[in-house]
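One structure is given below, encoded as structure tokens.
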Amino acid sequence: MLPEPRRESALTQLRGVGPSLVEKLGRLGVHDITDLLFHLPLRYEDRTRIWPMGQLRPGQHVLLRGTVVRAQVQFGRRRSLLVKIRDDSGEVGMRLFYFNKAQQAALQPGVALQVFGEARRGATGLELYHPEYVLAATLEALPRLDGRLTPVYPTTEGLSQKKWRELMDQALQWLTRHGHLRDLIPAELRDRWQLPDLPAALNFLHHPPLQTDPDTLREGDHPCVARLVVEELLAHHLGLRQIRARTRAESAPDFYPQGDLSTRLLAHLPFQLTGAQHRVLGEIFQDLERPVPMLRLVQGDVGSGKTLVALCAMLRVMENGWQAALLAPTEILAEQHARNLQALLQPLGIDVVLLLGKQTRKQREPVLAAIASGQAYCIVGTHALFQEEVQYARLGMVVVDEQHRFGVDQRLTLREKGRQHGKVPHQLIMTATPIPRTLAMSMYADLDISVIDELPPGRTPVVTSVLSNAQRDSVVARVREACTQQRQVYWVCTLIEDSEELEAQAAEELYAQLSAALAPWRVALIHGRMKPKDKAEVMAAFQRGETQVLVATTVIEVGVDVPNASVMIIENAERLGLSQLHQLRGRVGRGATASYCLLLYQTPLSQAGKARLNTMRATNDGFQIAEQDLLLRGPGEVLGTRQTGEASFRIANLQRDQHWLPVVKEVAETMEQSYAESITSLLARWHAGDMNYGRV
Ligand code: ADP
Ligand code: MG
């Protein structure tokens, strides 16, 4: 079945829609009538009844009618016009901070006034600030009440609510007239979950009848809202499953054990793999032995030893004579991986090559040549790994470290990059962000998931304290003490502004202060605006223990490993999200010595900031932190998809609608079995412009 053609539902079919309106609607993602109908009200206003003033509570949005009893200009902190109105049940005030002579003259005692707005506690009891108002000589002369709730739409400059309502009325008529908007969720499934059909749900949401309680609509638990939420989540989930099915239809090289590289590697290590590492490695090996591309996500808390698991998998690929590439999100991390892997692989006689965007031609040429000739087996790099000029001889597997920086798009690009003779490489994706299970199954439906749910033995949990900025001096004293004990310290400097430059400046100031305060101990500085070469040198010196304190911006967030560092200080910790704090804290506590994390905050502390800091103090468990993060900030943060734009929904709100995920999964499975013809249309409806879900 073909997707519903968009021409039939062009916006210009609606009266009064020309190019400028099309452009404005486009800004909000509304490209045709279907999109328009899925543009749901933010909230509803109830102008269908008159609320008795005597029963008014603060925070209510209501329509009031009464007679003006007095109007007077008041001179408080700001000059304002206060108009008192009264009905049979009580009295309220309307307060205007901007008003002209004509308004003032019209608002005379005795005239009838209708106001619509939010009640709040004012200086004279309940007041409405700048409500919409209508005047008339008598109460009877005021306009008629609305016959239905008034929807209020999310909008953009130059598009009034009145215009939205007109457009929606027309769109709904179009829907009735043409019946184009087919219900793509089969009736059998709708009935099972008590979801209304699509036209009914849309009609209801754009024109809720009189007796509807606007709060149930806002909270998303109304069946009509749920109907659309389920449809949207379903489209997302089916899209991912389709990517998965396509991947499974590809072929990949199969890698059976050949030789003893991993055994020799493990024999050299001073420790054994944990049970969880073993289990996950077993799952990966099973995938690698099949001639189908692996797409596996490995979740493991910071420090759970993901790198080693990845390396063993890479060795399996290499001993089969194929190349394995490790992709890191930052240059620092890529360099660190290259160094670590090189040290581990040296005894096995394997060289690691490193490819970074910032390398000079002269530096990259030999690397590119080694990759193209197949001489390089173990390749580490950043995004540079999938640039045009990189040609792989035989790429058997790609490991993506710290997956949350990469989206579906990039996963697909990588796969295509390694395609050769009809085979695509296996993909292993590693993330330190523990995602609650149902959420992971739904959001990563294109991946298989393994969890390393055990930390190597002998780690002492990090002790976290929360301190106000006023206690800085005592923090400096703690740092000095740690230095005396031959321990090293990270001091992370953060800013809210999304500016590398300001952040670098703040770090430089802190660096100067601490250098003076801590002498003779040596302080070093690292930030995002430094040259990669300088960053690498600073990191290396810190790793060798030549500097004791490292002042850093959040560039050290991911993956840096200095086992001797045992104190982590985070400035403005209240501004960071839980998962970021957890990542940063994970930089310490890697050895056997007791480690500390000191979270410094600026007063005043918001409720949310306080809740986050308390969570950090209360637990070291990444899964618990992720669950909390989900509650406090929502899935966009937990999944780390803000940057990539992945998983942003028009109607669904994962935090609110999580409980639908298992239903969505079940509906998706049934549709694949029995209603496959609806799936294409559903994907086209929700992801039309979106290459991920389109024909690849
Ligand atoms: P992450 O999962 O955060 O990427 P890493 O792979 O960087 O963790 O491992 C953290 C540290 O733990 C490294 O120094 C690594 O050598 C060490 N490590 C890994 N596996 C084990 C193990 N089974 N026993 C002891 N230490 C281990
Ligand atoms: Mg890591």
Side-chain angles (χ1 to χ4, degrees), residues 262-263 265-282 284 296-315 326-347 352 380-382 399-406 428-435 449-462 488 490 539 542-543 545 555-566 568 579-593 595 597 620-623 625-626 640:
S262 332
T263 324
L265 171 77
L266 295 176
H268 278 106
L269 293 176
F271 51 75
Q272 306 215 306
L273 290 184
T274 62
Q277 283 173 314
H278 256 303
R279 175 173 41 75
V280 169
L281 196 53
I284 297 170
R296 184 170 288 278
L297 177 73
V298 172
Q299 287 184 30
D301 210 343
V302 261
S304 61
K306 294 183 291 292
T307 319
L308 198 55
V309 169
L311 181 58
C312 290
M314 290 167 82
L315 286 174
L326 173 62
L327 174 65
T330 64
E331 302 209 327
I332 290 193
L333 199 55
E335 284 162 342
Q336 177 184 291
H337 274 314
R339 234 182 356 259
N340 288 348
L341 297 197
Q342 186 63 74
L344 290 164
L345 296 182
Q346 201 91 56
V352 176
V380 177
T382 53
V399 179
V400 181
D401 193 20
E402 307 300 350
Q403 179 271 343
H404 63 284
R405 304 273 169 109
F406 297 93
L428 184 62
I429 295 152
M430 324 279 273
T431 177
T433 312
I435 303 148
I449 298 177
S450 295
V451 184
I452 307 184
D453 49 5
E454 183 185 350
L455 290 180
R459 302 250 166 106
T460 340
V462 182
Q488 288 170 283
Y490 294 105
M539 269 327 291
F542 188 65
Q543 242 148 2
V555 292
I556 61 152
E557 182 192 339
V558 205
V560 175
D561 195 16
V562 181
N564 192 49
S566 64
M568 166 64 66
S579 62
Q580 205 179 3
L581 288 169
H582 181 63
Q583 288 281 328
L584 285 169
R585 181 171 62 183
R587 301 303 113 221
V588 297
R590 311 206 130 204
T593 18
S595 296
C597 174
N620 276 303
D621 178 333
F623 269 91
I625 289 174

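In each ligand, atom 1 is the first atom listed, and ligand 1 is the first ligand listed.
- Looking at Met430 against ligand 1, nothing comes within 4.0 Å, counting heavy atoms.
- With atom 19 (C) of ligand 1 as the reference point, the heavy atom nearest to it among Gly305, Gly586, Ala310 is part of Gly305.
- Between Leu428 and the choices Asp401, Val400, Ile284, Leu297, the side-chain contact (heavy atoms from CB on, under 4.5 Å) rule is met once, by Ile284.
- Every atom of ligand 1 with a heavy atom of Leu273 under 4.0 Å away is listed here by number and element: 23 (N).
- Remark: among candidates Thr307, Thr274, Val298, the nearest residue to atom 5 (P) of ligand 1 is Thr307, based on non-hydrogen atoms.
- Closest heavy-atom contact between Arg296 and Ile449: NH1-O, 3.6 Å.
- With hydrogens and angles ignored, the 3.5 Å screen pairs no side-chain donor or acceptor of Arg279 with any backbone N or O of Ser450.
- Any N or O atom pair closer than 3.5 Å counts here, and Pro456 shares no such pair with ligand 1.
- Taking distance alone, with nitrogen or oxygen atoms compared against 3.5 Å, Pro457 stays at or beyond that limit from ligand 1.
- At a heavy-atom cutoff of 4.0 Å, ligand 1 is contacted by no atom of Asp401, backbone or side chain.
- Using a 4.0 angstrom heavy-atom cutoff, Gly300 does not count as in contact with ligand 1.
- Atoms of ligand 1 lying under 4.0 Å from at least one heavy atom of Gln272, given by number and element, are 22 (C), 23 (N), 24 (N).
- Nearest heavy atoms, Gly589 versus Ser595: N-OG, 3.1 Å.
- In this structure a side-chain-to-backbone donor-acceptor pair under 3.5 Å is present from Asp301 to Gly622.
- In this structure, Gln346 places its CD atom where more than 12 heavy-atom neighbours from other residues, nucleotides or ligands lie under 6.0 Å away.
- Heavy-atom distances between Asp301 and ligand 1 reach below 4.0 Å in at least one pair.
- Not a single donor-acceptor pair under 3.5 Å links the side chain of Gln277 to the backbone N or O of Leu308.
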